[in-house]
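Everything below concerns the one structure shown next.
Below, chains carry the letters A, B, ... as their sequence lines are ordered, and counting in each starts from 1.
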There are 2 protein chains.
Amino acid sequence: MNHNTKDTHNLFSQYLSEQNLRMTTQRELILKTFCKQKKHVTAEQLYEVLKKVDPTIGHATVYRTMKLLTEAGIARELNFGEGSVRYEPDTSKEHHDHLVCVKCGENIEFLDEEIENLQKRVVTKYGYELVDHSLNLYGICPKCQKS
Amino acid sequence: MNHNTKDTHNLFSQYLSEQNLRMTTQRELILKTFCKQKKHVTAEQLYEVLKKVDPTIGHATVYRTMKLLTEAGIARELNFGEGSVRYEPDTSKEHHDHLVCVKCGENIEFLDEEIENLQKRVVTKYGYELVDHSLNLYGICPKCQKS
DNA sequence: ATGCCTGCAAAATCTTTGCAGTAGA
DNA sequence: TCTACTGCAAAGATTTTGCAGGCAT
């Protein structure tokens, strides 16, 4: 499920040194905390969690580090149209899309090979080179249908 | 292609009176101008166009009206992760998804019945009731591949 | 007249940036 | 040591809200 923290730490260290950047205690802590999260978090939510561990940490550091983690391929930005970006671990090999409940926010990750293949077909048809894609299905979950 | 302006005007008038709201000259102008746009516009871009016709129009009115048009089912919000929301005419009967070039922003609308059906299958599988969905494919267009 | 609507400006969010001091390698 | 990194606060960007006056019904 979750990334193995050691793996991502190595990945991040490698990315940083390639870019002539440094591993710092803050970046280590942010990565570790991010990987522990069970849900897709916003930078702000992650900041709130981090403050409990290290009250001196700053907003900007969280934002800057999440950007780095995204560039390193460790995190992935999700946009559900809420006004702020959410992040999930980016395990490229386990790509998936999202089914979000518009009432309670419950969030299911799914993967449908057929949809993936059809997407590639569309892209090819127009001569594009696929870089990324985002498929969000918005609905009402079984619980919310009852209430 | 575009909505027939008269149709949307009637739709909007009807929606407004249902909600005990009023048709105003500003709302008429915003709707008319929005329908004329060939590309997906942000509220800010639309405001810039509107200012040329009516220099007294305010930011807030554009934002408020686009929200109303969305509720009325005439406009549809698109989020390509740019930081601001774009709007397109929402012709529910002609639903489509988007293929966006990450370099030049060129934007192709497409519809793939098979993908649509597979989406419904996923939603049903999890017991959800489908409300909406958004599929964005990001790639590099043929022109940008060459340069 | 009633009360919705408008433009303006201020506020609210979310995110980025400049700066002076701090700390990795 | 050298220069990237940090926290802070200010600045940016987008969108929302409060208000006093205006306009539709």
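Spacing between atom CD of B:Gln45 and atom C1' of D:dT15 amounts to 15 Å, rounded to whole angstrom units. Distance, B:Leu16 CG to C:dG3 P: 19 Å, rounded to whole Å. Taking atom CG on B:Leu69 and atom P on C:dC5, their separation rounds to 13 Å, with Å as the unit.
With hydrogens and angles disregarded, a donor-acceptor distance shorter than 3.5 Å links the side chain of B:Ser17 to the backbone of B:Gln14. Between the side chain of B:Gln37 and the backbone N or O of B:Thr33, at least one donor-acceptor pair lies under 3.5 Å. The main-chain N or O of B:Gly127 is found under 3.5 Å from a side-chain atom of A:Gln145 such that the two form a donor-acceptor pair.
Note on ring orientation: taking the six-membered ring where Trp is involved, the planes of B:His59 and B:Tyr47 are parallel (angle under 30°, cut-offs 30° and 60°). In this structure, A:Phe80 and A:His98 have perpendicular ring planes: the angle between them is above 60°, well past the 30° mark.
Map B:Arg86 and A:Tyr47 each onto its nearest nucleotide of DNA chain D; the residue landing nearer the 5' end is A:Tyr47.
Proximity of residues 17-30 of chain B to DNA chain D (heavy atom under 4.0 angstrom from any strand atom) is restricted to B:Arg22.
With hydrophobic clusters built from ILVMFWY side chains whose heavy atoms lie under 4.5 angstrom apart, A:Tyr128 does not share a cluster with B:Val100.
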Could you run through nucleotides 13-20 of chain C and give me one letter per nucleotide, 5' to 3': B if any protein heavy atom sits under 4.0 Å from the base, S if only the sugar-phosphate is that close, - if neither? -SBBBB--

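Under the side-chain hydrogen bond (donor to acceptor under 3.5 Å, both in side chains) criterion, the residue pairs touching residues 19-28 of chain A are A:His9-A:Glu28, with sequence neighbours excluded.
A salt bridge links A:Arg76 with A:Asp132: at least one charged nitrogen is closer than 4.0 Å to a carboxylate oxygen.
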